[in-house]
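Being a predicted model, the structure only gives us computed values, none of them experimental. In the text below, chain A, chain B and the rest are named by the order of the sequence lines, each starting its count at 1.
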Amino acid sequence: MSRAFVTRLGERHDDDFFEGLDTRVKILTVFVVTTLAIAGPLATQLLLVTFVLALALSAGLWRWAIAAVVFSLLTWMVLVGVATRLQSGGVEDPAGFLVGIMARGNAIFLTAAWLITTTKLYDFGVALESLRVPVAMTLPLTVAVRFIPTLLDEMNGIWDALRVRGLVRSPWDAARHPKRVFDLVLTPAVLRSLRLADELACAAETRGMGGVLRRTPYRPSRMRGKDCVVTAALFGATALCVASAFVVPNDVIAGRINLVVG
Amino acid sequence: MLSVENVDFRYAATAGDVLRGVNLRVAPGELVLLTGPSGAGKSTLLDCVNGLGAAAHGGEFRGCIRFGEEGLGRLAPWERSRVVATVRQNPATQFFQLNVGDELAFTLEYRDLSVGQIAERVASTSRAMQIDHLLHRDIFSLSSGERQRVALAAMHATHAPLLLFDEPTANLDAPATDLMLACMARFKRERRAILVVEHRLDAIRSVADRLVVIDGGRVVYDGPLDALDDEAFCSRHCLRHSRARSFIELPPGAHHPDDARRLSARDVRWVSRRKTVLDNAALLIRGGECVGIRGTNGAGKTSMARALCGLEKKARGRIDLDGREFSPAKMLGRVAYVAQQSDRQLFTDSVRRELSGGGATTETVNELLDRFHLTALADRHPQALSGGERQRVAIAAAMASDPEFLILDEPTGGMDGGRFAALVALLRDLTARGVGLLLITHDLELLHAACDRAVEMREGRVVREWERNEFELLDGAENPPAGSAPKGEGDRKAALKTLTAGFVAANPQR
């Protein structure tokens with residue numbers, strides 16, 4: 001997880017259409033895409049993956065999209081290879097299998113990535129609270145994510161200290177002697193993390209957290225016009241997908257795919 | 001008024017009282033400077049006032065703390081947050097949100113205010129502190145000065161009448177320190193009571209009204225600031241000098257710059273995320289010489305040091321070490337480096353193992369233990385030592401491979417006078433043995449006490465150099481980088497004036 005990702009979690013671009021969407025609508029989007037990817041008819045898969053790619057590219061996730069496509073291709077190749085070795089006939093429908101991995105896997109992965117990278121940590125916590133998720137669950141999540149950049153700084157500092165002292169020369173060195181490097185890193189990493197976590201907790205307490213007063217979010221979750229439009233579009237798309245399952249049966253689509261790919 | 005009456009405090013994990021019968025008063029509009037040796041109980045006293053003492057650290061509190069008519073003693077930290085606001089040394093661990101606007105609102109969200117009131121308070125505070133342009137930024141992308149300004153803004157937003165600062169200027173450059181002082185002066189005019197714990201006294205005394213010195217858990221002085229001019233008083237209580245002294249003399253013949261051994265950098269360039277961090281920077285350090293680098297936060301000081309010791313692989317340029325030429329990427333392991341957070345650099349379970357970790361012989365380890373006064377601590381866990389001892393172990397471990405050059409990054413942050421003197425003696429001993437030192441520091445007193453030469457970096461370049469006999473020119477020479485902040489002393493003062501005016505405009509009722 002890089003510093004750029006942490007910046008995305010903190011830096012606001014309220015004029016951006018997707019960043020400005022209510023977090024609950026984004027969570028609904030992930031839910032709908034996941035449901036359609038898993039249980040939806042094959043006819044809608046290509047449509048779904050096009051929609052998700054557009055979503056990912058609009059959020060500047062083109063690297064994530066390329067990585068997802070490459071990863072799913074490699075996974076497909078490995079799985080088909082293994083299946084061919086294990087059984088004489090190999091995979092029964094390799095083209096359909098490819099489409100399944102590409103469409104279903106990437107759709108779910110990229111929508112989740114879109115949710116994470118276009119939603120501010122603060123907004124996510126507020127949305128979960130407004131969905132009546134208990135504070136006992138939302139607070140640890142917020143604290144854990146807040147701690148990531150601090151931990152990254154610490155790990156970078158410890159890694160630099162190891163290199164400059166000549167205890168570890170390169171990542172290759174660490175790969176060859178993982179136990180030794182782990183032993184070296186463990187002490188400062190754990191002790192520094194505990195110290196910093198303690199400081200963070202103290203800072204939160206002196207600033208009013210932990211009391212009996214209910215929190216009043218100054219950016220409350222709010223459904224605006226565009227949120228209603230997107231929600232309606234999501235329900236419409238779901239209805240369309242369900243209807244298409246009755247119009248074009250799966251086996252017809254599968255046959256077309258085999259003609260094109262196979 | 002804050003009244004601390006007969007306060008004793010004992011941590012659950014320690015045997016004796018850390019505070020013993022402490023009495024202290026801070027009136028509205030008054031800034032009290034609280035100082036004393038490390039471990040004297042200064043931060044503990046602040047924690048007793050803001051409620052963390054017993055609540056977070058565990059311990060036994062006796063005595064009475066009141067603000068006005070309200071007794072704070074029995075209130076939890078979150079209840080006291082209506083009255084008390086605290087700024088700590090490390091802004092990175094006092095921010096709880098990832099975004100500046102969210103951070104300003106954080107405390108207010110637990111105040112039973114409406115959304116409109118919170119939004120109005122955030123807007124007026126950001127105007128007053130001139131951080132409107134930062135409101136949407138990620139906290140971790142801010143410079144040190146900007147972070148401290150956000151910390152002050154978060155404090156300002158609470159409208160708390162009692163403000164506590166724990167070493168607020170420890171890591172700040174001159175412009176950021178000036179900004180901090182301007183804010184403190186403004187808070188005083190707003191009739192807030194202010195208590196500041198600080199070791200670096202040169203800057204803060206310009207806004208302080210009264211001095212309180214704690215030593216051994218007791219208040220040993222409560223009076224005018226003039227006491228800081230008394231050398232004997234400062235030495236007795238391990239206080240830092242309140243003014244950088246250009247008359248600090250190096251012992252005769254202490255340094256012997258050796259022209260035969262040189263570490264020189266030429267045309268060092270490093271561009272990170274399209275930002276030029278080092279711009280054809282050049283630097284020379286000779287064996288047995290101590291060179292200080294100063295400059296504003298973000299001027300490229302630490303980047304230069306990292307390039308010299310091979311930690312920045314993407315840096316380009318030429319580095320000569322004793323006549324042999326290396327690219328920055330090939331410098332790893334050739335120059336020793338001790339970063340500011342020394343506990344990040346201690347990896348083993350005993351001081352002896354720490355020194356022998358790089359393959360040093362038993363004789364070398366024993367010699368280092370002796371030279372760095374660590375023999376009595378040889379079998380202790382390095383992480384269990386005090387801050388000063390940890391730093392000594394880190395320097396000793398860096399010297400275990402017998403490097404000719406050593407770089408120290410901000411070695412005096414949070415140091416009292418006693419530890420400062422010990423560090424200076426250690427540095428002088430190293431240079432006397434022929435080691436070339438490069439010190440990255442904002443601390444003028446350290447430059448005066450230890451360095452033969454000083455250079456200033458700005459926008460990734462070395463732009464000025466002073467020989468030791470020119471050190472009196474160092475005071476006030478540290479300017480902000482062009483473009484990112486006003487240039488020159490006059491402009492900087494003008495910027496501070498504007499900031500102060502911003503407070504008035506945003507708080508007309510005050």
Side-chain angles (χ1 to χ4, degrees), chain A residues 3-4 6-14 120-122 142-143 145-146 149-150 152-154 157-158 160-167 169-170 183-189 191-192 195-220, chain B residues 50-52 55-56 76-82 84 86 88 90 92-99 101-102 105-115 118-119 122 136-141 154 306 309-311 332-333 336-337 339 341 343-349 357-358 383 397-398 401:
Chain A
R3 171 52 57 81
V6 174
T7 299
R8 269 179 174 263
L9 288 178
E11 204 160 271
R12 283 192 183 278
H13 303 280
D14 285 343
K120 304 303 127 191
L121 177 64
Y122 177 94
T142 312
V143 174
V145 178
R146 163 62 188 82
T150 306
L152 278 176
D153 263 357
E154 288 306 310
I158 291 167
D160 282 348
L162 281 173
R163 289 170 65 212
V164 85
R165 289 254 317 260
L167 299 173
R169 293 279 172 189
S170 63
D183 285 347
L184 288 170
V185 169
L186 189 65
T187 306
L191 291 173
R192 288 279 304 176
R195 199 169 293 164
L196 294 172
D198 190 40
E199 282 181 29
L200 261 177
C202 288
E205 275 201 80
T206 56
R207 297 185 60 195
M209 207 174 184
V212 294
L213 284 177
R214 192 177 162 76
R215 180 187 180 196
T216 312
Y218 100 110
R219 290 178 185 273
Chain B
N50 65 25
L52 282 178
W78 68 268
E79 291 172 292
R80 298 190 199 197
S81 69
R82 289 171 176 275
V84 188
T86 311
R88 292 172 173 274
N90 184 4
T93 54
Q94 73 178 344
F95 295 142
F96 209 73
Q97 297 289 347
L98 295 179
N99 173 276
D102 300 344
F106 180 75
T107 310
L108 307 176
E109 290 179 331
Y110 294 93
R111 286 286 177 87
D112 214 9
L113 299 172
S114 70
V115 175
I118 297 173
V122 169
H136 296 287
R137 291 266 301 275
D138 155 40
I139 288 279
F140 289 90
S141 67
R306 289 172 60 82
C309 51
L311 286 173
L332 199 61
Y337 177 61
Q341 298 89 352
D343 43 356
R344 275 181 182 172
Q345 303 174 276
L346 305 172
F347 304 103
T348 62
D349 59 0
Q383 298 281 2
S401 58

Atom group of A/R163 that falls short of 4.5 Å from chain B, counting heavy atoms = both

message = Between A/K120 and A/R12 (side chain of the first, backbone of the second, donor and acceptor by atom type, cut-off under 3.5 Å), is there such a pair?
response = no

query = So, A/R165 side chain and B/Q345 main chain: donor-acceptor pair closer than 3.5 Å or not?
reply = yes

ask   = Looking at B/N99, B/L52, B/D102, B/L98, which one has more heavy-atom pairs under 4.5 Å with chain A than the rest?
value = B/D102

ask   = Quick one: does A/T187's side chain get under 4.5 Å of B/D349's, heavy atoms only?
value = no

query = Is chain B contacted by the side chain of A/L186, its backbone, both, or neither, given a heavy-atom distance below 4.5 Å?
reply = neither

ask   = Who among A/E11, A/R219, A/H13 has the most heavy-atom pairs with chain B under 4.5 Å?
value = A/E11

ask   = Should A/D160 and B/R306 count as an ion pair when the cut-off is N to O under 4.0 Å?
value = yes

ask   = Considering residues at least two apart in sequence or located in another chain, which fulfil the ring-ring contact (aromatic ring centres under 6.0 Å, His included) criterion with B/F106?
value = B/F96, B/Y110

inquiry  = Heavy-atom cut-off 4.5 Å, strictly under: side chain, backbone, both or neither for A/L167 against chain B?
reply    = side chain

remark   = Ranked by heavy-atom pairs below 4.5 Å to chain A, first place among B/S401, B/A397, B/A154 goes to B/A397

inquiry  = Among B/Q97, B/E109, B/Q383, B/H136, which residue has the highest count of heavy-atom pairs closer than 4.5 Å to chain A?
reply    = B/E109

message = So which residue, A/A189, A/P217, A/G208, A/A204, ends up with the most heavy-atom pairs under 4.5 Å with chain B?
response = A/G208

query = Between B/S81 and A/T206, is any pair of side-chain heavy atoms under 4.5 Å apart?
reply = no

task = Would you please test B/Q341 and A/D153 for side chain to side chain contact (heavy atoms under 4.5 Å, CB included) and show each step?
result = CA-CA 11 Å; B/Q341 298 89 352; A/D153 263 357; over 6 Å; no

Donor-acceptor list for residues 195-202 of chain A side chains, cut-off 3.5 Å, not counting sequence neighbours:
{"from": "A/R195", "atom 1": "NH1", "to": "B/D343", "atom 2": "OD2", "distance (Å)": "2.3"}
{"from": "A/E199", "atom 1": "OE1", "to": "B/T93", "atom 2": "OG1", "distance (Å)": "2.6"}

query = Less than 4.5 Å apart, any side-chain heavy atom of B/W78 and any of A/E205?
reply = no

query = Considering only heavy atoms, which portion of B/R137 lies under 4.5 Å from any heavy atom of chain A: side chain, backbone, both, or neither?
reply = both

key: Residue among B/R88, B/Q94, B/R82 with most heavy-atom pairs under 4.5 Å to chain A   = B/Q94

request  = Examine whether an atom of B/L113 lies under 4.5 Å from a heavy atom of chain A, and if so say whether it belongs to the side chain, the backbone or both; otherwise answer neither.
outcome  = backbone

key: Largest heavy-atom contact set with chain A, pairs under 4.5 Å, which of B/A76, B/A105, B/G51   = B/A105

Options B/V115, B/I118, B/N50, B/L311, ranked by heavy-atom pairs under 4.5 Å with chain A, top entry = B/L311

